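Notes follow the structure.
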Amino acid sequence: MTGASELLTLRGHGPRRGDSLSNLGLIKDGALLVRDGVIAAVGTRAELEKLPEARGAEKLDLGGRVALPGFVDSHTHLVHAASRAEEYELKIAGASYEEIARKGGGILNSVKKLRATTSEALKKRALAALKQFAAHGTTTVEAKSGYGLDVASELKILRLHKELASEQPLEIASTFLGAHVVPEEYWGKAGGAERYIQLIEQNLLPEIGEKRLAEFCDVFCDRGAFTVEQSKRVLQAGRQWGLAPRLHAEQLSRTGAARLAILMRAASCDHLEQVNKSDIQALGKSDTVATLLPGCDFHLGLRQYAPARALIAAGAIVSLATDYNPGTSPTLSVSMILSLACTQLRMTAAEAIAAATINAAYALRREKSIGSLEVGKQADLAVFEVADYREIPYYFGVNHCWMTVKRGRVIHAPEQAAN
Ligand SMILES: [Zn+2]
């Protein structure tokens, strides 16, 4: 692949913290040599043309566009049955997320719909979404369960993750989020949450662990969901079955979830709108990625975004993701998230791109295979119809992704390029 006006390699060791977050490893007039889906050489066009092994290679001209590692979307609720457009107007009229949840809306609304939907219908919807992810430059997607909340329905989602991973080109990291919220059938009963956690420990995790249906275990640790103690118990149980922890933390209220994530060496803690100064310092010293989800605040019309600048200054490994889900962030466009990161989180375009590629790969513990364009890594690329990388977040609300490549294979291309 040759003729990239700017090739953002994101090369270098370790996750990006502080000032290094804005180092894109940019090569002007860049080129890549790919063999068997893996990057064999990276450099300027002139450097690569000199390589003997490049001579017989099939040439793909990027026509002066900007190329970067495919986006790694490290937080999505991929499998769901339907939108929740009916709640949108309630939100606009001023009902809070929690008020809607108390009325049987929110997550439980999605649970009702998912339980009543066949696996085939869910699959069709997820496949259409994955196609859109690819069309927007994303090459790896994390996917959470959590809209099933009973044994059959949670397993239905996790089995779908596995099927989807093998039947379409995007890579899928499967996460078990059985502890999303306490399901309605346990409400108003003594020890309801406790009994539901027992179901997770005794009926769900053994099956998930044995069949390897998930890599990660996540908990929604917040007011109205699970406490820090309950979250710890679920994450520990998950770890016993080989599932690495990650957490929904400090979104609606500060609970101490970020501290729990650090204590448990979680891969990532996500949201973080409500973190305090000492949490920020602690995240700065930890290897747990701080994943920010500004699409959620934007969609809910909230004024308080996560303190990205303070987290970056403290040295935290800041990442960005869409939180694609029907209730709070119905977008699968990482470039839209980059626009929000720039305008609302005050991140620079370079910081936002590093957060959504190499640091997101750390959040999924895939930094050895994806997240940057370096020799030995998968040839996962997004090519944008722009001449300057800053135009990717600058043009908000428009998809300028021109081509997407996964493991060296073109998986999205404009019609003229596909012909
Ligand atoms: Zn989420």
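Indexing begins at 1, ligand by ligand and atom by atom, following the structure's order. Keep in mind it's a predicted model, so treat the numbers as computed, not measured. Side-chain atoms are counted along with the backbone in the values below, which use heavy atoms only and exclude waters and symmetry mates.
Side-chain N or O atoms of S145 include one that pairs as donor or acceptor with a backbone N or O of L177 at under 3.5 Å.
Looking at S174 and K162, their side chains never bring a donor and an acceptor atom within 3.5 Å of each other. For the residue pair D270 and H248, no side-chain donor N or O sits within less than 3.5 Å of a side-chain acceptor on the partner.
The pair R17-D287 meets the salt-bridge criterion, since a charged nitrogen lies less than 4.0 angstrom from a carboxylate oxygen.
Within the protein, the N, O or S atoms lying under 2.8 Å from the Zn ion (ligand 1) are H75 NE2, H77 NE2, H248 NE2, D323 OD1.
When each of R366, Q378, K406 is checked for a side chain to side chain donor-acceptor pair (under 3.5 Å) with T140, only K406 meets the rule.
Ring orientation note: the planes of Y324 and F133 are nearly perpendicular, at an angle over 60° on the 30°/60° scale.
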